[in-house]
Amino acid sequence: LAGIVLSEAKEFFELESKFRPVGDFLIPFFFVVMGTKFDVPALLEPRNLTILTFTVVLAVVGKGLGSALGTWNLGAKAALQTAIGMVPRGEVGIVVGTLGLTLGVINKNLFGVVLGMSIVTTLIVPPLLGWAFKGEFQASDVGTDEAGIF
């Protein structure tokens, strides 16, 4: 809630420019610490792989469907592109998973599933976005207004 409120006031307080150096310094440490808690052999157990697969499918369908419905008025192709683009949003899941692991609400196996879901959803999106945007603009258009996206 605080993030939503402060995001509306970021220009007024210049919060982003003031806290960016702190974030640039601390964020890599956060992800390194999370990586050290990732138990790959435990994740590869059949039960955990099943839970991971179900979680990834649920995350992709849930995020994708919600995003597509929200942008459907822009057309089916734009809705598909938006849906695919919104899939890799696992950082909140990592934070919540870390909190759950720290409080003892979830175990390392479930934390591994949350972290694995974040990794898988992040890795599957670039090729899917390439497919969804195929033929819309050339790489040479990036950074110019010719592509109609900047």
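- Remark: I119 CD1 to L52 CG distance equals 9.5 Å, nearest 0.5 Å.
- Pairing each heavy atom of G85 with each of L129, the nearest pair is N-CD2, 3.9 Å.
- Taking CZ from F133 and NZ from K77, the interatomic distance works out to 8.5 Å, rounded to the nearest 0.5 Å.
- Of the listed residues (L101, I94, V96), just one forms a side-chain contact (heavy atoms from CB on, under 4.5 Å) with T98, and that residue is I94.
- For A78 against T71, the heavy-atom pair with the smallest separation is O-OG1, 4.3 Å.
- To the nearest 0.5 Å, the span separating CG on L26 from CZ on F29 amounts to 7.5 Å.
- In terms of heavy-atom proximity, Q81 sits nearest to A132 at NE2-O, 3.0 Å.
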Are N109 and L43 close enough, and set up right, to give a side-chain contact (heavy atoms from CB on, under 4.5 Å), and what steps lead you there?
-> CA-CA 6 Å; N109 289 343; L43 186 63; over 6 Å; no
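- Nearest heavy-atom pair across A83 and V87 is O-CG2, 3.3 Å.
- In this structure, W72 CH2 and T82 OG1 are separated by 11.0 Å, a value rounded to the nearest 0.5 Å.
- Looking only at side-chain heavy atoms (C-beta outward), W131 and L80 come within less than 4.5 Å of each other.
- Note on V92: it does not cluster hydrophobically with V61, by side-chain heavy-atom contacts below 4.5 Å among ILVMFWY residues.
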Please lay out, stage by stage, how I124 and V60 fare under the test side-chain contact (heavy atoms from CB on, under 4.5 Å).
-> CA-CA 10 Å; I124 64 172; V60 169; 3.9 Å; yes
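- Between the NZ atom in K108 and the CG atom in N48 there is a gap of 13.0 Å [rounded to 0.5 Å].
- Cluster annotation: V57 is not connected to L49 through the hydrophobic network of ILVMFWY side chains, with a link wherever side-chain heavy atoms come within less than 4.5 Å.
- Rounding to the nearest 0.5 Å gives a distance of 13.5 Å between NZ of K63 and CD1 of I84.
- Looking at S67, its side chain never comes within 3.5 Å of a backbone N or O of G64 through a donor-acceptor pair.
- A continuous path of hydrophobic side-chain contacts links L44 to L110 [ILVMFWY only; heavy atoms under 4.5 Å].
- Note on M86: it does not cluster hydrophobically with V56, by side-chain heavy-atom contacts below 4.5 Å among ILVMFWY residues.
- Hydrophobic clustering of Ile, Leu, Val, Met, Phe, Trp and Tyr side chains at less than 4.5 Å, counting indirect connections, keeps V120 apart from V114.
- Checked options N107, T102, L103; the residue passing with V105 is L103 (criterion: side-chain contact (heavy atoms from CB on, under 4.5 Å)).
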